[in-house]
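Quick notes on the structure that follows.
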Amino acid sequence: MVARPLLVAGVAGLLLASPALASAATPADQTPGVPPPAQRIAATTATYNAIEAKIAAGQTLRLRFPDPTAAEDVLDYGVNNLWARGIDGAGVTVAYVVTNPDPGLEAAVASYDAAMDLPPANITDLALPAPADPSATCQIECVTSETRLDAEAIHSMAPYANILFVHPPVPESLGMQGWPEVAQAIEMIADKHLADVITVSLGDGESDFINDPTNPAATQQAAIHSLDPAFLDAAAHDIPVVFAAGDCGPTAAPVLGDTGQCTPATGLTADHPADNPWVTAVGGTIPNAGLATASGRTAPDALWTARNDDSDAASAGISTVYPQPWWQRGIPALRGVTGRALPDISMDASNGTSQASPTFAGILALATQLRGADLGAINPALAAIGPRGAAAGIIDVPAGYTDSAYGVTGYSTGPGYDIASGWGTIDAPTFVPALVRQIDRQHGPFQPSRLAQDALNRLQSSITESAYRVADGQTVRITGKGFIPGSTPNGTTILDGFGVYPPLPGQYGVTSGPYADPTSTVPGQTWDDVTATVTGPEKDSPAQPLAVTGPDGNGTVTATIDTAEMAVGTYTVTITGLVLTQAITFKVENAAFG
């Protein structure tokens with residue numbers, strides 16, 4: 001049904017990255033393994049009737065088996081109205097990038113489906129290379145219940161969507177640990193078109209993204225921007241990427257001295273990668289669906305707020321790295337704001353924004369099926385329909401809530417867009433077609449995929465040489481920038497993160513003492529090596545391999561060429577990664593040059 005190939009996942013299993021994973025594009029109703037519309041509608045109608053029966057019997061919607069169900073979300077977002085039309089995610093694949101495989105996932109989700117009277121979930125695991133160090137630890141995302149919650153959230157919104165779990169080999173942790181691998185996984189999904197929507201429930205405060213504290217040249221800006229190519233690549237392939245906005249209200253924990261997920265607080269900070277303008281940041285609300293009747297939403301949803309000064313809340317913030325994108329200009333609540341504000345939208349965060357992001361990804365699966373093509377980066381379309389409010393299925397979060405938490409004063413809700421909740425939350429039967437109509441109107445120079453490709457093209461030119469003209473016998477240093485950090489083809493490694501070697505105490509990371517062993521390294525992915533060649537000066541001269549170092553923690557690749565014994569003439573150096581290919585020329589002249 002979508003314009004690009006969809007991955008039709010089989011039973012849960014172990015797959016290797018291969019172009020064969022992507023099947024030919026076919027209408028959802030004709031995709032192998034997808035039941036016909038009448039059968040799907042009968043199944044989802046039974047699901048909704050079962051929810052109504054539980055309510056009539058006096059059962060609470062917030063059942064636990066043992067994970068919380070999304071019965072409340074079915075009512076709150078009205079997805080059953082789309083299911084009744086056969087808009088149920090059929091033929092669409094949602095990829096969830098998470099750093100820990102869960103061998104018990106299939107059985108847990110099957111129990112959930114039975115409790116919810118949902119059709120069986122179609123889940124596939126795509127395992128990337130094994131962890132470089134099995135002792136590596138990660139944040140709460142490594143708890144298996146997190147993975148199960150995510151699968152259940154997607155499946156509850158889009159019961160017939162395929163769910164693809166992608167597991168990078170290095171666990172994400174506070175700081176830069178594991179993030180190059182997450183970015184490389186997103187690049188791989190986009191380039192092979194393994195999915196139509198990508199969701200990730202990982203994140204950290206912007207101030208924690210300093211990749212190498214032993215390197216004076218390492219900066220927050222460089223570390224954060226080293227991940228940009230992944231999100232640009234997904235947008236250029238028309239694949240929307242959604243991230244959880246975070247669970248620490250307006251703050252985050254620092255890497256140094258961290259004692260918990262959100263403590264000690266760092267002051268106002270936005271979460272990364274949710275701050276990236278090419279990412280849709282999903283904040284948190286608490287549903288107000290009827291708990292005693294089947295009447296659906298009984299009041300506008302509330303913001304997820306802290307119960308006390310030492311508990312989590314929906315994250316929001318203003319980036320100090322990314323400037324305000326063009327689609328946020330003119331929003332009254334952002335007058336005077338110069339950075340990218342987040343979140344963009346908010347969903348059920350009864351179990352944190354790790355539930356909100358995959359829930360919204362399930363909604364986007366419905367929109368993808370309705371459109372019959374991938375959506376692309378949706379933020380411009382979301383900003384266009386947001387001011388229409390309920391007419392476009394955007395339900396405002398009432399004024400009077402604040403995301404203040406951990407002693408840090410945050411942002412408050414207000415009419416229309418506000419930094420605390422974004423545009424608010426949604427009513428799916430109206431929101432999904434409104435979003436699709438707006439995306440269909442996006443043509444010409446402001447089409448997101450074109451803008452993303454233009455940005456990638458600018459990165460293609462991020463290569464320099466120490467000199468264009470050199471005398472034979474001199475050296476030329478070639479520097480390419482904009483690559484995802486990783487390993488090099490000649491076996492060298494980079495510092496890819498701190499805080500995990502050796503394993504440190506505490507549920508979420510370190511509790512005391514040095515937070516890193518600066519001599520430790522994590523090799524990058526073998527499937528995204530950067531290679532380099534040099535050609536010339538004769539016409540049709542073959543390309544010769546060229547040794548390179550990097551990409552370092554900032555995504556910089558370097559090559560030093562000794563021109564001794566090189567013939568006079570013009571040479572071309574080409575550096576190739578999974579997404580970027582950069583080329584530059586230099587000229588060797590005789591020793592009398594200069």
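Nothing here was measured: the structure is a model prediction, and the numbers come from that model.
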When you compare the side chain of [Y] with that of [X], does any pair of heavy atoms fall below 4.5 Å?
{"X": "Thr251", "Y": "Leu268", "result": "no"}
{"X": "Leu364", "Y": "Val432", "result": "no"}
{"X": "Pro429", "Y": "Asp427", "result": "yes"}
{"X": "Asp301", "Y": "Ile286", "result": "no"}
{"X": "Ile395", "Y": "Phe431", "result": "no"}
{"X": "Val279", "Y": "Val242", "result": "no"}
{"X": "Val197", "Y": "Thr368", "result": "yes"}
{"X": "Asp348", "Y": "Tyr77", "result": "yes"}

Decide yes or no on side-chain contact (heavy atoms from CB on, under 4.5 Å) for Leu227 and Trp179, but give the supporting numbers first. CA-CA 8 Å; Leu227 307 180; Trp179 280 106; 4.0 Å; yes
On a heavy-atom basis, which atom in [X] and which in [Y] lie closest, and how many Å separate them?
{"X": "Ala349", "Y": "Gln355", "value": "C-OE1, 4.4 Å"}
{"X": "Pro119", "Y": "Asp113", "value": "O-OD2, 3.7 Å"}
{"X": "Thr413", "Y": "Gly400", "value": "OG1-N, 3.2 Å"}
{"X": "Ala183", "Y": "Ala230", "value": "O-CB, 3.3 Å"}
{"X": "Pro240", "Y": "Leu375", "value": "CG-CB, 4.3 Å"}
{"X": "Thr430", "Y": "Ala390", "value": "CG2-O, 3.8 Å"}

With a sphere of 6.0 Å drawn around CZ of Arg441, does it hold more than 12 non-hydrogen atoms of other residues, nucleotides or ligands? yes
[Y] and [X] side chains, donor-acceptor separation under 3.5 Å:
{"X": "His237", "Y": "Asp374", "answer": "no"}
{"X": "Ser315", "Y": "Asp271", "answer": "no"}
{"X": "Ser156", "Y": "Tyr112", "answer": "yes"}
{"X": "Asp204", "Y": "His272", "answer": "no"}
{"X": "Ser319", "Y": "Glu206", "answer": "yes"}
{"X": "Asp117", "Y": "Thr47", "answer": "no"}

Give a yes or no on whether the backbone of [Y] and the side-chain of [X] come within a donor-acceptor separation of less than 3.5 Å.
{"X": "Ser404", "Y": "Gly410", "value": "yes"}
{"X": "Arg371", "Y": "Val436", "value": "no"}
{"X": "Ser111", "Y": "Ala107", "value": "yes"}
{"X": "Asp403", "Y": "Tyr411", "value": "yes"}
{"X": "Ser421", "Y": "Ser346", "value": "no"}
{"X": "Ser311", "Y": "Asn308", "value": "yes"}
{"X": "Asp418", "Y": "Gly414", "value": "yes"}
{"X": "Gln39", "Y": "Pro35", "value": "no"}
{"X": "Thr285", "Y": "Leu303", "value": "no"}
{"X": "Asn276", "Y": "Trp278", "value": "yes"}

Tyr401 vs Val397, test: side-chain contact (heavy atoms from CB on, under 4.5 Å). Steps then yes/no. CA-CA 9 Å; Tyr401 295 100; Val397 174; 4.2 Å; yes
Carefully, step by step, assess Thr280 and Asp344 under the rule side chain to side chain donor-acceptor pair (under 3.5 Å). CA-CA 6 Å; Thr280 298; Asp344 301 295; 4.8 Å; no
Checking Met347 against Asp73 for the side-chain contact (heavy atoms from CB on, under 4.5 Å) test, could you report, in this order, the C-alpha distance in whole Å, the side-chain angles of both residues, the deciding distance, and whether it holds? CA-CA 9 Å; Met347 301 292 284; Asp73 291 345; over 6 Å; no
Assess whether side-chain contact (heavy atoms from CB on, under 4.5 Å) is satisfied between Ile419 and Leu342, documenting all intermediate values. CA-CA 6 Å; Ile419 299 176; Leu342 63 146; over 6 Å; no
Roughly how far, to the nearest 0.5 Å, is the [atom2] atom of [Y] from the [atom1] atom of [X]?
{"X": "Phe165", "Y": "Thr124", "atom1": "CZ", "atom2": "OG1", "answer": "10.5 Å"}
{"X": "Ile394", "Y": "Arg388", "atom1": "CD1", "atom2": "CZ", "answer": "9.0 Å"}
{"X": "Ile239", "Y": "Ser449", "atom1": "CD1", "atom2": "OG", "answer": "11.5 Å"}
{"X": "Thr359", "Y": "Ile345", "atom1": "OG1", "atom2": "CD1", "answer": "13.0 Å"}
{"X": "Ile186", "Y": "Leu232", "atom1": "CD1", "atom2": "CG", "answer": "11.5 Å"}
{"X": "Leu366", "Y": "Leu435", "atom1": "CG", "atom2": "CG", "answer": "11.0 Å"}

Could you tell me if the ring centre of Trp327 sits under 6.0 Å from that of Phe446? no
So that I can tick it off, tell me whether Arg340 and Asp275 are bridged by a salt bridge, with the cut-off set at under 4.0 angstrom between side-chain N and carboxylate O. no
